[in-house]
Amino acid sequence: MRTILLISALLIVIQGCSVMELSPEEKAMREKASGIPIASAITVTELSHYKEFGPVSCEQDTSYSYGNGGADEICRGDLKLQAAKLTADLVILESRDMAKCSFGEHLCVYMHGRAYQKISEQK
């Protein structure tokens, strides 16, 4: 009986901790990030219309990400969120690798890119 009560209490605590409430600012940032495109290539002419805002990168463990769209999708979402926080509106993906995680024995997806913002045209 004690075991059942202990397990029930533990499940209640786990369920309470698993729900993460986002602030309105974080919700807005995630919404903005969802609209940021990720390109693997861009022409020099197209790039001349953008200003670089900085690097973005991600490391995602493949063993914990199957239920969330896969490591690649999680990493892409993270790159977009980083770009949104920089007020960028484009990510150019420079590399994608898979290697042993820096924090353990599992395989991780590594993505590196640069965030850009379109230069507004003055009239």
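- Two residues are said to be in side-chain contact when any heavy atoms from C-beta on lie closer than 4.5 Å; Met98 and Thr62 meet this criterion.
- At least one side-chain heavy atom of Pro37 sits less than 4.5 Å from a side-chain heavy atom of Leu90.
- A heavy-atom distance below 4.5 Å is found between the side chains of Ser102 and Glu59.
- Tyr116 has its side chain out of reach of Ile42: every pair of non-hydrogen atoms, C-beta onward, lies at least 4.5 Å apart.
- Rounding to the nearest 0.5 Å gives a distance of 9.5 Å between CD of Gln60 and CE of Met111.
- Residues Lys32 and Lys85 fail the side-chain proximity criterion, which asks for heavy atoms closer than 4.5 Å.
- For the atom pair OG (Ser23) and CZ (Arg30), the distance works out to 9.5 Å, reported to the nearest 0.5 Å.
- Side chains of Glu31 and Ser34: a donor-acceptor N/O pair is absent below 3.5 angstrom, by distance only.
- Qualifying side chain to side chain contact (heavy atoms under 4.5 Å, CB included) partners for Ile119, counting only residues two or more places apart in sequence or in other chains: Lys51.
- Taking OH from Tyr110 and SG from Cys58, the interatomic distance works out to 10.0 Å, rounded to the nearest 0.5 Å.
- Residues Glu94 and Arg114 are in side-chain contact: their nearest non-hydrogen atoms beyond the backbone lie under 4.5 Å apart.
- When all heavy atoms are compared, the tightest approach of His112 to Ser57 is ND1-CB, 3.3 Å.
- Criterion: ILVMFWY side-chain heavy atoms under 4.5 Å apart, direct or through other members. Under it, Val109 and Ile92 are not part of a common hydrophobic cluster.
- Partners of Leu86 by side chain to side chain contact (heavy atoms under 4.5 Å, CB included), not counting sequence neighbours, listed by chain and number: Phe53, Val56, Ala115.
- Minimum heavy-atom separation, Ala83 to Val91: CB-CG2, 3.5 Å.
- We find that Asp72 and Arg96 are joined by a salt bridge, their nearest charged nitrogen and carboxylate oxygen being less than 4.0 Å apart.
- Between the SG atom of Cys101 and the CG atom of Leu107 there is a distance of 7.0 Å, given to the nearest 0.5 Å.
- For the side chain to side chain contact (heavy atoms under 4.5 Å, CB included) test, no residue two or more places apart in sequence or in another chain qualifies with Ser48.
- Using a 4.5 Å heavy-atom threshold, the side chains of Leu81 and Glu26 count as touching.
- No donor-acceptor pair under 3.5 Å is formed between the side chain of Glu105 and the backbone N or O of Lys100.
- Remark: the backbone N or O of Lys118 is paired with a side-chain donor or acceptor of Asp89 at under 3.5 angstrom.
- At least one donor-acceptor pair under 3.5 Å links the side chain of Glu46 to the backbone N or O of Thr43.
- Using a 4.5 Å cut-off on side-chain heavy atoms (C-beta onward), Leu93 and Arg76 make contact.
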